[in-house]
Every structure is written in C-alpha cells, then in structure tokens.
> 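This is the structure I want to talk about, given as structure tokens.
Start at 1 and go down the list; that is how both ligands and their atoms are numbered.
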Amino acid sequence: MRKLFSILLISLCILSLNGQSKAVLNLIPEPVKSKVTSGNFVFNENTKFVLVPDNQEMRYAVERISDLFQTAAGYHLQLNAPGIKNNVVVCKLNPAIKQDEGYTLSIKKNIIEIEAKKPNGIFYALQSIRQLLPPQIESTKKAENVAWTIPCAEIEDAPRYGYRGLMLDCCRHFMPKEFVLQYIDLLAYHKMNTFHWHLTEDQGWRIEIKKYPKLTQKGAYRNRTLKGQYYGDDSKRQWDTTRHGGYYTQEDVKEVVAYAQKRFVTVIPEIEMPGHAVAALASYPELSCTGGPFEVQGLWGVFEDIYCTRDEVFSFLEDVLSEIIPLFPSEYIHIGGDEAPKTRWKRCAACQERMKKEGLKDEHELQSYFITRMEKFINSKGKRIIGWDEILEGGLAPNATVMSWRGEKGGIEAAQQGHDVVMTPNSHVYLDFYQARSKMEPHAIGGYSPIWHVYSYDPTPAVLTPEQAKHVLGFQGNLWTEYVLSPDHAIYMVYPRAAAIAETGWTPKEKKNFDFFYSRLMEILHRYNAMGINYNRTFLSEERSLKK
Ligand code: ACM
Ligand code: ZN
C-alpha cells in the first residue's frame, strides 16, 4: 500500500509540475536531464533516418530499432540523404559533446534530432526512443492497430560509469549461442556496454582451442551433475547422470563478438587460472601438480587441483591466449584468479622449487608470480588483465584491474593502491541469489538479493578520496549457473534485477530514487512481456523490510 501511495504521489508531482498527462518519461536508466514538451512525434512508413556521417558504425546504431519496426510495424525505416526537415530522425556526430557515450535527444513534432560524440551515443538515444514507443515495438510479430507515437521531449544524457556490465557463466551449465546473443541484446537495451563471458571452469571448458583439441573433446563434457541441494556429505548427494556439455567454436565466438559490436557491447572473455581448472586438467593431466587422472567435475565448489607452476603450464596458457586474443577486440582479458587453494603447490616439488628460485616467501606470492607472469605476456600482446579480487593476495600484478566480488573490500584496497576496479560485490549483485522469499522460487544458491537491495548499492565506496574514486571504472552483475539449468531460468534470475544494475551504472547518484525507479519498472515490464522473456514476477510481492 505504501508503495502504491508513493507511486501515486510521484506521478501527481510530475503531473502538476508539467501540467499535462503524458509528462512522465518512463526510461530505464533514468537520464541525466529530461523534459517533456508539448505534442508528439509519430513514426510511419515514410519516416526516414539521416546519418551524419553515413558510415558503418552509424548504420549499426540505427539498425536495431529499424529491425524492430520491420517486425512490429511491418516496415523498415529508410535512410535518406541530409536535407529533409520533416518526418525524419537526424543522427549526427558532434565532437563538442563531452562524454564519450553521451547524447542529446530533441523530439519535436516533425523532426527528431540526435547528437552524440560517438555512434554509441546515437545508439543509446535510440534505445531511449525505443522505450518511449508503445511496448508493442518489442513484439516478436506484427502488431496491429498501433500508433507509433512518442511524446515530444528534450533529453541530455551520459553515463556515470564507463563500464556497465553483466557476466554470464556458461560453464556450470552450457548456454546455447543463440541465448548468449539474446543476453547481449538485452543488456544493450538497458544501455550496458560490457558482456563478461565466463568460459572455463572445473565443470566445463567452453571455447575451441585448435592447438589443444582435448579441451573441448573431453573438457567440454561431464558425465554427471549434482542434482538439487549441495550437501557436504557425499552419501547424501544425488546425481543426474545425463552427459552435459557443449562449447563454442571459434566461428561461434566471432559471430557473438560481431553481434555485440553492432550493439556497442565489448565482450571480455574469462579464462580461469590458476584455479577452477579441473576441466583443463581432465583434458591434459600433465598440467597439474600430481599428474591426475581427473574427471570434469559435476559437483560445485572449490577444488584443490589447480594448474602447476612448471614452465610447460605457462607455455600452454600462452598458446591458449594466443588463440583467444585475436578473437576478442576487448582491451581486457579476464584471467580469473579466484578460489585457488594452495594445497597442491605446498606438496609439489616443482612448485616449491619455483618458489625457491624466484625468492617467493609463500604460496600467495607464488600465485602473484603466476598472475604477474601471465600479465607480462598479455601486456606484450597489447591487452590488459582483469581478475577477481584474490589477485591482490601476495601482491597485485603491476597493471592489473581488480573485479571486487567478496564485497567491496578488495575494490577499495585496489583503488587505494592506484589500480582500476570494477565493483561486483556478492553482497548486492550476485544474480544467483534469491530475489524473493516466496516458496514458489526455484532452488537458488542461497542469499537474498531482492531488487530494492540491488538498487541500493553505490559502486563508489564513500571511503575513497576523489582521486582514488576515479579508479572505479564501473559496475557489473554476475550470473553463476550452478542452479540455473536453462536460458529461461537465466533470464528469470537476471531480469528485472539487471534493470536496477543498469540504472546504478548510468544514472547520477543524486538522481537515483527507488520509488521512482519502481514506477518506471512497472512500465518496462510491459516491454518484457512484449519481448516474451521469462522475467521474475515474485519480486512484486516482496516487502522492503530490510531496506538500509
Ligand atoms: C567468484 O564468485 N568466485 C568470483
Ligand atoms: Zn606444481
């Protein structure tokens, strides 16, 4: 009831401020500045796009909305040479616009004018237009009797952070390529710009490496998978003995990257080291400390068998990365680095010899040696490394960026050391956590992270000085898939919480307001309905009783 009351109150305030009934722009993320003016612009089959300049990237920027019109309205929006002043959407690059991804959007009765520094800004302006159109624009088939009308408005917008992302774990459960594309499309719709693709794990290696075919012949499949609840006691565990697996060929990867580029999304591949490597060790046991043998894991958790630190392992990883790097235009390669127990290294003659030779005082320093050595290689190829916050232990590699997942402590420490940081704390944005207390919720890994809790997070910790705060590049939500067996279930876990993540990554802190966000969320749900996606609805009945 309180929720309803506040929504009414907000709507009334906005109505009285603007004195007209269509005054609310239901946009997620909320723009920096927006103002509804009078009248409407109506799209029809004669509406044209003008691109200044007309080049490939500008065409990518308009292609998505044009495709939507083709499906939902039954006609394409055609390109036209500059000069027309009526029934036109003019998209123009303007170097005077300060922010890289910023845009201005002016919707008048006869003309829509968009200006941006770069084509991605044009793309974001068009995602705003998409959200102002009737929800049927998202329809997967032709929608009848719809007036494609949007309110006249003036918007000035730019993101708070340059990195706004979502991670998808395609290892615990393999996700088909078509779903990976959909995942990217949806995050771009919410003006996020990074897809972190978790590709290697104990439970499966998911990317073709031509020099090491066993990684996918053997490492991409497991013969059993834990069913239901995780029990520490093996005798209580139940197993699904269906063979599970799959992998992406290098051609698949090229297709995913090209699809993402058209949506101004960077794809960061994650190749885990030195831990979470059992699928690789099952394929090539000589990369371990003990020699194996190993099976691709069907159980979740953290495993003691990790890569050894012999020279052959580094040669292997360098070969793997030499095939990975040309596939991904991303500046970053994610090298994992999390949850690597030191048990095997402590008992391995080769690892102990390495420590002696390199003057390393403990196994944490050996992990730091491992990551730093890989960083040198990756830097030599013109790329940077990003890794989970454990890479701080034993000393951070000189140019590393840290992804802070065990809360924000690692992120704070890294920023204080002058390193770049992406915040992705499990306290708020682990999307494998429960989002509602309803008994109807499917089994999840644990935790409780309802949408208002996700929304409440601020990615720039207050303890950082303004100089240190500049190292916070942005914000990301993570979907781990131990208990997420299908694409539909993945969407269920991610949406609508990802809308809260998108707004937190984009909208200025002082403009964030959960009640107003919630009212706009109710509107975007109609759009999710039109898309036909299986988003979570049980959050609607949650109390906000744990609000900070
Ligand atoms: C992680 O959740 N192990 C990064
Ligand atoms: Zn070893």
> With only distance considered, is Glu339 within less than 3.5 Å of ligand 1 through an N or O on each side?
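N/O-N/O distance below 3.5 Å exists for this pair.
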
> Classify the ring geometry of Phe316 against Tyr307: parallel below 30°, tilted from 30° to 60°, perpendicular beyond 60°.
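Geometry flag for Tyr307 against Phe316: tilted rings.
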
> Between Asp252 and Gln250, does any side-chain donor sit less than 3.5 Å from a side-chain acceptor?
no

> Does the structure place the NZ or CZ of Arg263 under 6.0 Å from the centre of the six-membered ring of Phe123, at an angle of no more than 45° from the ring's axis?
no

> Given Tyr455, which partner from the list Glu503, Arg497, His428 fulfils the side chain to side chain contact (heavy atoms under 4.5 Å, CB included) test?
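The passing option is Glu503.
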
> By number and element, which atoms of ligand 1 are closer than 4.0 Å to a non-hydrogen atom of Tyr430?
1 (C), 2 (O), 4 (C)

> At the Zn ion (ligand 2), what's the angle from Cys348 SG to Cys289 SG, rounded to 10 degrees?
110°

> Would you mind running through ligand 1 and noting each atom that sits below 4.0 Å from a heavy atom of Trp480?
1 (C), 2 (O), 4 (C)

> List the closest protein heavy-atom neighbour of atom 3 (N) of ligand 1: residue, atom name, distance to the nearest 0.1 Å.
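It is Asp338 OD2, 2.7 Å.
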
> Is the charged tip of Arg164 near the ring of Tyr124: under 6.0 Å from the six-membered ring centre and within 45° of its axis?
yes

